[in-house]
Structures are given as structure tokens and as C-alpha cells.
Number of protein chains: 2
Amino acid sequence: MALGTDYPRQDCGIARSLEVVGERWTLLILRDCFLGVRRFSDFEAHLDISKAVLTARLEALVSAGLLTRVGRGHASYELTPEAIDLWPVLHGLAQWGDRLTSPGRPRRTFHHVGHGAECGLLGGDGRCTACGTAPLPSDIETRPGPGADPTLRDDPVSRALRAPHRLLEPLVTR
Amino acid sequence: MALGTDYPRQDCGIARSLEVVGERWTLLILRDCFLGVRRFSDFEAHLDISKAVLTARLEALVSAGLLTRVGRGHASYELTPEAIDLWPVLHGLAQWGDRLTSPGRPRRTFHHVGHGAECGLLGGDGRCTACGTAPLPSDIETRPGPGADPTLRDDPVSRALRAPHRLLEPLVTR
DNA sequence: TCTCTTTGGTCTGTTGATCGAACCAGAAGG
DNA sequence: CCTTCTGGTTCGATCAACAGACCAAAGAGA
């Protein structure tokens, strides 16, 4: 763990979490993984992040056991079950940030889809407003919400994400 | 917002959240607020943080509307409703970090207490395992868990937190 | 197979954030 | 009024982030 990123004398689960996902960019990289981003160049195009920092973060996430690197050479990065467990936290942060800065107009919405058919919208507590269950990421579809700003960026990842997309499914960017 | 702390071209609620609570120490300061810490010197004693950074973080949280500064001079800092809304995220992070690094032995446990009487333990989803509801922080009591390390630190805040304590109630440290 | 382009990085100099320690003004207590 | 404590500010040193140049290996095409 690099200097300045850990909290060695905090006996607390939050501190342990932040040592893994608390650095700048790390949670946005994981968000992109949930949205289906897999490749170095796609992370780079979608986040305005320097290559050196992206390299360091991906390595840290792999060695923390949150990502696995698949294939030699031009690899792809995939979420491990431990990382998928973080979904409620990421969803909670997205909801809280939207409520705080864009009330009533979320930038992105998440929907429970069963076996093909849509069930309902996900509420602030991560539960489906129709059936009341808390669906797994693999049963969630995401779409741009009413607060989205389509003029903000125009990279291949952002373009692909303007269509509805199921979480964890690889994005097709070309 | 200081340079290097925001994500201006990310059209996403998570990015908006991280601009407010994503800096080093910020979430641990808010955690301490939920645990009842109110005063500058108590934050300083409980977190190993430099005074300059603590001053900057408290100011940023006040101007973001997450803390209010009560009283001139030797003030105390209190959570606003917007900050209390963050509780599910903090609880999720605590659970995830404990599961990842200390499985089966959480460092701190949270319990639903109704009107005086205890109802049940809070599970990973923030719901009471006895009654199934998601209690507000004011109806939650916290205690050190089986994974706690009582030898790690010995400041007044840590000592006060070795006894059961209701969230948001001011801690008595002397 | 050979060449060309793309991908997935590394390296470098500069800028910004964090740190520990010393210092200090105003509040609280006597 | 005097003393102590609290809640900071200031300073120099160290550490991390950034933009941009550079580069080796993988993949695509002829």
C-alpha cells in the first residue's frame, strides 16, 4: 500500500475499505467496470486520467483481488466477486450525489430486469420499486436519466452508454 | 473545490459525490460525526491527521452543506440532514471492508434499538436482521465487535467508544 | 513473411496535496 | 488579571497527480 493512502491506526472497516478503493479515480474505474468497460484504452478514453495513474490503479486493484487481468498482451480487466459485492455502495453513492446536485433529475437510472422483461426502477435503497427485492448487478439495466448531459463528452464509451445496457456485460465500443 | 479533487467531465452521480466526500480523511471525519465526535480536538485525537488538513476538511464539509458549525470560538460540528443521508453508504463501506479483511469478525457492530429495547443486529444490507426494516441512524446503537483491536489506540474518543453508544449522540470524552 | 498501425504501457519535468512541527490568538477557567 | 487549553495558521519538506513524449509488443493487412 503506497504511502499516504492507508490509515494504519484506524481500527475500522471503513478505513480498510478506503485503503483499497479510497484513492482518486479508483471508484470511477470500478464504476466503469460495472458499466462494461474492460480495456485500458476504453478506461483512458472515458476517464480523463493520465496513463501512469491508470496503470497504477489497475495494478493496485488486481493485487487487491478486485480485478482479474484476462489474457497476456492486450489484456482485459474483469470484476471479481469481491468487487461485485461493492455494488450497493456504488449505487448508494450515485443516488446520493444525484440527489444532492440534481434533485429529481438523476444522471443515470437503473432498472430491475428479470428474464428479459423489465420489472421496475431501482430506488435510493437499491431495491426495485416494483417487486421490493435488491437485484444483483447482473439483473440490472442502466440508461441515461433525465439529468444526463449528452454534450459533455463524445468518446466511444460514452456513445455506447447512451443506449440501455445491462451491467457487467462487456461494452462494444467499435 | 480545490484542484485535483474534482472530476469536471464526468456526468455521473458517483463523481459528484466524490467531489464532496472523496478526499483523503473526509469519510473518516463523517464516520466520527456519526459516532458522536463534535470537537476539533477530538477529531484530531482520534484520527492521525495534521491540523492543517483537518481544518481544510471541516471547512470544505461546512461549505458543502454537510456540517454546520455551532457556536463561535470553540465550536462544535454537527451533521446536516444531507450528511445523515450518507449513512447507508458508510455502513456499506464498513461492512464491505470488514468482510474483505476480517471475515466473520467485524470490528464494530450496529444494532437496531427501538424505544429503549434492542431489536436486532444490522446485516450487510443495512437492515435489521430481526424486524427487516432499515433503521435511521438515530435508532442505531454501535459497539466494538469481535474483530476490534483494543490495543491499537488509547485516546479519549477510542476509550469512550468501547462502551455501547447510540449514533449521533454526542460522545463524552472527559 | 514483412510492414504498418494500434494498444498498452513507461519515463520525465512540473504542479499540487499532505505531512510533521513550530507558532499563536482568542476563549475558558480560576 | 493571569494561566491554560483549544482551535487553529504558517512553514519547509516530501509525496502523489498531471500532461506529454516516448517505446515495445500485439494485431492487421499485403
Task: Whole-Å distance separating the CG atom of B/Leu54 from the P atom of D/dT10 - done: 16 Å
Task: Side-chain N or O of B/Arg24 closer than 4.0 Å to phosphate OP1/OP2 of D/dA16 - done: no
- [ ] Give a yes or no on this: more than 12 heavy atoms of other residues, nucleotides or ligands lie within 6.0 Å of atom CZ of B/Arg159.
- [x] yes
Open item on the list: It should be established whether B/Ser41 places a side-chain nitrogen or oxygen under 4.0 Å from OP1 or OP2 of nucleotide D/dT6.
Closed with: no
- [ ] Starting at atom CD of B/Glu23, determine the distance to atom C1' of D/dA17, rounded to an integer number of angstrom.
- [x] 13 Å
- [ ] Report yes if at least one side-chain N or O of A/Arg39 is closer than 4.0 Å to OP1 or OP2 of C/dG8; otherwise report no.
- [x] yes
Open item on the list: Check the phosphate of C/dG9 against A/Tyr77, side-chain N and O only, distance under 4.0 Å to OP1 or OP2. Yes or no?
Closed with: yes
- [ ] Quickly work out the B/Leu67 CG to D/dG7 P distance and round it to whole Å.
- [x] 15 Å
TODO: Name the nucleic acid region contacted by B/Ala52, choosing base, sugar-phosphate or nothing; use a 4.0 angstrom heavy-atom cut-off, strictly under.
DONE: base
TODO: May I have the distance from B/Phe40 (atom CZ) to D/dG8 (atom C1'), rounded to whole angstrom?
DONE: 6 Å
TODO: May I have the distance from B/Asp6 (atom CG) to D/dA17 (atom P), rounded to whole angstrom?
DONE: 15 Å
Task: Nearest listed nucleotide, side chain of A/Lys51, among D/dA21, D/dG7, D/dC18 - done: D/dA21
Task: Side-chain donor-acceptor contact under 3.5 Å, B/Asp155 with B/His46 - done: no
Task: Between P of C/dG8 and NE2 of A/His74, the distance in whole Å - done: 5 Å
Task: Short side-chain N/O contact from A/Ser50 to OP1 or OP2 of D/dG20, under 4.0 Å - done: no
Open item on the list: Any side-chain N or O of A/Arg57 below 4.0 angstrom from OP1/OP2 of D/dA17?
Closed with: yes
Open item on the list: Cation-pi check for B/Phe43 against B/Arg57: NZ or CZ below 6.0 Å from the six-membered ring centre and within 45 degrees of the axis, yes or no?
Closed with: no
Open item on the list: Strictly below 4.0 Å: does B/Trp25 bring a side-chain N or O up to OP1 or OP2 of C/dC19?
Closed with: yes
Task: Close aromatic pair by centroid cut-off 6.0 Å: A/Phe110 and A/Trp87 - done: yes
Open item on the list: Using the rule side-chain contact (heavy atoms from CB on, under 4.5 Å), only one of B/Val37, B/Leu86, B/Leu47, B/Thr26 pairs with B/Arg31; which is it?
Closed with: B/Leu47
Open item on the list: For C/dG9 and A/Arg69 - does any side-chain N or O of the residue sit under 4.0 Å from the phosphate oxygens OP1/OP2?
Closed with: yes
